Amino acid sequence: MHYPWWYVPHLTSPMLIAAIAVVHVLVSHYAVGGGLFLAVETTYAYKTGDRKYLDYLRRHAKFFVLLTVAFGAITGVGIWWTIGLASPLATQVLINTFLFGWAMEWVFFVVEICSAFIFFYYWGRLPEKTHMAIGWIYGIAAWISLVLITGITAFMLQPGSWIEDRNFWSGLLNPQFLPQTVARTGGALLLTSLYVYFHAAIVLSDEKLRARISRRSLRPAGLGAVLVLVGVFWFLYELPASALLAIPSAATLNIFVALLAGMTLVILIALYVGPYRNPQWLSPGFAGMLLVVGFATVGISEFVREAIRKPFIIYNVVLGNQILTDEVPAVQAAGYLESGIWTKAWMERKYPQVFVEDRIDARRLLQLTPSSRIEVGQTLFQYHCNDCHAIEVGYSPAGPLLGEGTVEEFRHLVLNLHESRFFMPPFCGTIEEAHVLAEYLMTIAQPTPEGMYFGGRQNGESVR
Amino acid sequence: MDPQSLITGPTGPLPAPYWFIQLFKTVGFWMHMIPMNLWFAGILIAMMGRTFGCPFARHFSHRLMSQMPILVALGINFGIVPLLFLQVGYFSFFYAATILTAWFWLSIVAILIPAYYGVYFYAFFRGGSEQGGVLRILVGWSVAGLFLLLGLLFANGLSLMVHVDAWGPIWEKTAVAGATLGLGSNLADANLYERWGIMFGLGTLTTAAWIVLDTAWFLRDVDSEWLAAYHGWTRRAAGILTVSGAILFVTAGSFYVFKTWSSELFEYMFTGIRLPLTVLTAVSPGLVFVACLRLGKKPRVDTSAALGMVLAQLTVLGLNAVSRQVVQNFQVGAYLDIGSLPTQVQWSPLISFLVLLLLGLAVIGWMVAQVIRTVRAEGKPSISR
């Protein structure tokens, strides 16, 4: 509406954010937990004079820098790239609200980059105390980055009193801030242990050292598990009612939440029977399996966290379809096509006949030819619906979801979107716009499959 | 289609004063340009040296490419600052232009990943030989090409940002019912190639300054005869690159100013207080040339002469960053007066940021000091031949 809508057939452009974000969090959590791990373990190894362990830590630091400084940093920028493309209005609100939050996070990012390189490149050259100190500088800077970013992402789920006072600190220290910080810190520590297991299993042939690493890495894993459990329950407790209800309302989320609980349990059991009871089990296969389950757990938890915000991108501030909630009444009164900068420009170019004194007269939409009405309906679909729904095939496609219906039925559905489904946004247009959208929906709606038996008559014989 | 009708307004008051946004956007871009220049033009120069150059050129190539992982990381990191402040003030232009060219814009991220890992591969992988094998050289050339391409893709998006009258035609060409497929490009805009050429000229100049800096400040070698010869090569290489960079800059810059600027922009930049800025920006590579001459014919490139060359190039980059900002403000100002947008300064976050910035710089300063102390204490070659 405020910006051109980026149409990505089948996938929908916001799913690109999800794809990049999930890959990024797998590395960014390790960037935090791994930094703390290296700081703690390097300090331990120096203090105990354990040269073998130090040699391993050096190899791990190389792997860590190669993965986090390059891939982690670029995918982090990648998320920023994609949110600007697929969700520009929400990005604009976030940047306007948290300009100095991002700026502060950047300061810690610079410190991270410098300390990571010095820690790695000058390993064995810096005095031990200085080397340890630089490891701790990295670990602390990385964790503060996590804290700041979590404040901003948690704001999207629950802005709290920011809605009333529009104060930076109210927004950053929102009700979800602490629970998510605790959960993410725990996730970072737990995931890091899984990375360490995998890396050690691949590069180390010394079984004794592997077993020692296996045992030592249980500490962050255990602490991480406790923090994750506390954080997740706290997170659920603080969720807005709509987000909490979204979980049982969507079958996918139901399954995902059950999967999350199950996979977390699998990881904890595997850590107990593996590294704790049988540290010699640390084979590439076992460690790889643990890491894959860890990845799946983190990836799914991010998906759930994003999905339960519906119908908002920023809870109560920006709707999923790039409209500010404060704008809704005015847009409904004036019409979506008229209110949208790019929709109005498109209509002006394609259908100047619907304009009266430089404004779209919604009644004239119904005077267009049937094919033109369908085209206008498609424009409304692109801008109003395509954020969450592919057309006929792809991510949550509207066609199969709609099923059979008449124009009247679809118009009724459109006009009462949020009343019948709380996770849908309200329709932000006029009755006439709802009508042309319904006419377009008729062209993509897929008939109820034939051959279904409902007691006495088969489907295809007008069940409705 | 009236381009003005495609400009959107703010969602709320700006959180920082206009001057603050301008300052950090410009300074951030200046900081970004330094390492970015070294990967944009420097990698190509290093690969030319590696493939066609003398042993000294190969040595420099090896040194620069070994430093490149850090330079790329710093370049990406410093690029965040101007992009952040760009999105605060210039949201209307930035989002629309990048969405219309979405796939090209997003491909920057996709290309940067292999380019960056290519740099790491080149820096760390020798394949058992002193200089590495054919694969390493192929990777090096590919990386050079990828970074040149990245520059073009950046220029594609950001030149469209200020080319508002091109939005409508690009949008219509790639629209599906009013939504864009994100396949638009601004490659037909001559402005883009000139900007790209100017940056390549600046990159060549920055590489010249880096050669001198690296030799005078970072290079240590026990073989004094070899070292003296390398210093001689440094002067020659810096001279050649300075002249080449200046010619590229002036040629591309002349086309940019005289062929692509509108008469209004031309008049604006050549009147009032902008006139000295424009002229100084145009002739600034001369500063680097003069500084290069100061290197003289002494047996060693001394540190003060090297510092002079570095400061001269930093001035060139600074003048370019300021001039670009003034031009950009004029171009977008025709559609939206960013300076008059409502502002409600977030004072306590702003001060917190500045305090943290100072603390962060102090911490970085301390870490760098530890490195310098360690290297001095070792007193041995920093990178072996």
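Keep in mind the model is a prediction, meaning the values are calculated, not measured. Lettering of chains follows the sequences in order, A, B, ..., and the numbering in each one begins at 1.
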When only pairs under 4.5 Å are counted, which of [options] shares the most heavy-atom pairs with chain A?
options: B:Leu356, B:Leu83, B:Leu354; answer: B:Leu83
options: B:Val81, B:Ile76, B:Ile7; answer: B:Val81
options: B:Gly79, B:Gly182, B:Gly178, B:Gly360; answer: B:Gly178
options: B:Val363, B:Leu350, B:Leu357; answer: B:Leu350
options: B:Leu112, B:Ile113, B:Thr180; answer: B:Thr180
options: B:Phe24, B:Phe78, B:Trp105, B:Trp366; answer: B:Trp105

Self-check item: Ring geometry between A:Trp342 and B:Trp167 (parallel below 30°, tilted from 30 to 60°, perpendicular above 60°)
Solution: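 Geometry flag for A:Trp342 against B:Trp167: parallel rings.
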Quiz item: Which residue, B:Phe94, B:Tyr95, B:Trp171, forms the ring-ring contact (aromatic ring centres under 6.0 Å, His included) with A:Tyr3?
Solution: B:Tyr95
Atom [atom1] of [X] and atom [atom2] of [Y]: how far apart are they, to the nearest 0.5 Å?
X: A:Trp169; Y: B:Ser352; atom1: CH2; atom2: OG; value: 4.0 Å
X: A:Phe100; Y: B:Leu84; atom1: CZ; atom2: CG; value: 9.0 Å
X: A:Ile95; Y: B:Phe85; atom1: CD1; atom2: CZ; value: 10.5 Å
X: B:Tyr117; Y: A:Phe71; atom1: OH; atom2: CZ; value: 7.0 Å
X: B:Thr11; Y: A:Asn96; atom1: OG1; atom2: CG; value: 4.5 Å
X: B:Thr101; Y: A:Leu85; atom1: OG1; atom2: CG; value: 7.5 Å

Quiz prompt | Worked verdict on A:Gln378 versus B:Val176 for side-chain contact (heavy atoms from CB on, under 4.5 Å) | solution = CA-CA 9 Å; A:Gln378 190 183 359; B:Val176 175; 3.9 Å; yes
Quiz item: Only one of B:Leu100, B:Leu181, B:Ile99 clears side-chain contact (heavy atoms from CB on, under 4.5 Å) with A:Trp6; which?
Solution: B:Ile99
Side-chain heavy-atom pair [X], [Y] within 4.5 angstrom cut-off:
X: B:Val375; Y: A:Arg125; answer: yes
X: B:Phe20; Y: A:Leu99; answer: no
X: B:Gln370; Y: A:Tyr122; answer: no

So which residue, [options], ends up with the most heavy-atom pairs under 4.5 Å with chain B?
options: A:Thr130, A:Ile74, A:Thr343, A:Val318; value: A:Ile74
options: A:Thr91, A:Thr82, A:Leu324; value: A:Thr91
options: A:Val93, A:Leu172, A:Leu66; value: A:Leu66

Could you tell me which portion of [X] (side chain, backbone, both or neither) has an atom closer than 4.5 angstrom to a non-hydrogen atom of chain A?
X: B:Thr374; result: side chain
X: B:Phe121; result: neither
X: B:Ile364; result: side chain
X: B:Phe91; result: both
X: B:Ser348; result: both
X: B:Phe124; result: side chain
X: B:Pro69; result: both

Quiz item: Has the side chain of A:Trp106 got a donor or acceptor atom that lies under 3.5 Å from a matching backbone atom of B:Asn77?
Solution: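 Checked: pair present.
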Practice problem: Give the C-alpha distance, both sets of side-chain angles, the deciding distance and a yes or no for side-chain contact (heavy atoms from CB on, under 4.5 Å) between B:Ser5 and A:Lys344. | Solution: CA-CA 9 Å; B:Ser5 68; A:Lys344 186 173 180 180; over 6 Å; no
Exercise. Verify the neighbour count for atom CD of B:Gln4: are there more than 12 heavy atoms of other residues, nucleotides or ligands below 6.0 Å?
Key: yes
Exercise. Compare every heavy atom of A:Thr97 with every heavy atom of B:Gln346, then report the nearest pair and how far apart it is.
Key: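 For B:Gln346 versus A:Thr97, the nearest heavy atoms are NE2-O, 3.1 Å.
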Quiz item: Can you list the steps and then say if A:Val8 with B:Trp103 is a side-chain contact (heavy atoms from CB on, under 4.5 Å)?
Solution: CA-CA 10 Å; A:Val8 176; B:Trp103 285 111; 4.0 Å; yes
Exercise. Check the pair B:Tyr116 / A:Val69 against side-chain contact (heavy atoms from CB on, under 4.5 Å), numbers first and verdict last.
Key: CA-CA 10 Å; B:Tyr116 196 1; A:Val69 173; 3.8 Å; yes
